[in-house]
Amino acid sequence: MTICHMNTGVTPIELTTNIYEEGYTEVRMLKRFGLIECSVLFYDMEYFSDKKLKCEYRYNYDADNVLQEIVQIQSKQRTPLWSRKEEGSKLITNVLEFAKEVNVNLENILSLDDIKRLQSQKGS
């Protein structure tokens, strides 16, 4: 079975160049348990107010520098913006649903082990 991988995403090095962009105030990188965490901080103006809100986008990478998730942190509240695991799961779900809709018997294309693995990834 051919495994398709999504784009690796923006790299930590590319994120560090944001410090040169207007509005960005800080870029941090640290290593935790062999994984890379890169934070980009900036101030955002609230609508209908002159108040500036400090915003942080945290990019989490695996040991191969592949982007795994993006989280926004604002006023100490974490909001997930993107997750490789969730996107992969959605992709698998869409493929399985499409195959079912067009009456494709996946057993003709994939091995039983491949089908079981895909279904278990769909549920995770």
key: Euclidean distance, Glu37 CD relative to Glu69 CD, rounded to 0.5 Å   = 9.0 Å
inquiry  = Using 0.5 Å steps for rounding, measure from the OG1 atom of Thr17 to the OH atom of Tyr24.
reply    = 9.5 Å
key: Exam field: side chain Thr93 to backbone Ser89, donor-acceptor pair closer than 3.5 Å   = yes
query = Nearest heavy-atom pair of Cys38 and Pro12: which atoms, and what distance?
reply = SG-O, 4.4 Å
inquiry  = How long is the straight-line distance from OG of Ser75 back to NZ of Lys54, given to the nearest 0.5 Å?
reply    = 11.0 Å
message = Is there a side-chain contact between Thr79 and Gln74 in this structure, where contact means two heavy atoms from C-beta onward sitting under 4.5 Å apart?
response = no
message = If I take atom CG from residue Leu35 and atom CG from residue Asp62, how far apart are they, to the nearest 0.5 angstrom?
response = 7.0 Å
query = Just by modelled atom types, is the Thr11 backbone N or O under 3.5 Å from a matching donor or acceptor in the Glu14 side chain?
reply = yes
query = Is there a path of hydrophobic side-chain contacts, each under 4.5 Å between heavy atoms of I, L, V, M, F, W or Y residues, that connects Trp82 with Val10?
reply = yes
ask   = Under 4.5 Å between side-chain heavy atoms, hopping through other hydrophobics if needed: is there a path connecting Leu15 to Val71?
value = no
query = Is any side-chain N of the basic residue among Arg84 and Glu87 closer than 4.0 Å to the acidic one's carboxylate O?
reply = no
request  = List, by chain and number, the other hydrophobic cluster members for Leu41, where Ile, Leu, Val, Met, Phe, Trp and Tyr join if side-chain heavy atoms come within less than 4.5 Å, directly or indirectly.
outcome  = none
ask   = What orientation do Tyr61 and Tyr59 show, parallel under 30°, tilted 30 to 60°, or perpendicular over 60°?
value = parallel
request  = Might you point out which heavy atoms bring Ile36 and Asn65 nearest each other, and give the distance in Å?
outcome  = CG1-OD1, 4.1 Å
Atom pair CG (Leu96) and CG (Leu91), whose distance is rounded to the nearest 0.5 Å = 9.5 Å
ask   = For Gln68 and Asn60, what are the C-alpha separation, side-chain angles and deciding distance, and is it a side-chain hydrogen bond (donor to acceptor under 3.5 Å, both in side chains)?
value = CA-CA 6 Å; Gln68 297 301 309; Asn60 296 308; over 6 Å; no
key: By ring-ring contact (aromatic ring centres under 6.0 Å, His included) - contacts of Tyr43 (at least two apart)   = none
ask   = Excluding sequence neighbours, so at least two apart, what forms side-chain contact (heavy atoms from CB on, under 4.5 Å) with Glu86?
value = Ser83
ask   = Is there side-chain contact between Leu81 and Tyr57, with at least one heavy-atom pair below 4.5 Å?
value = yes
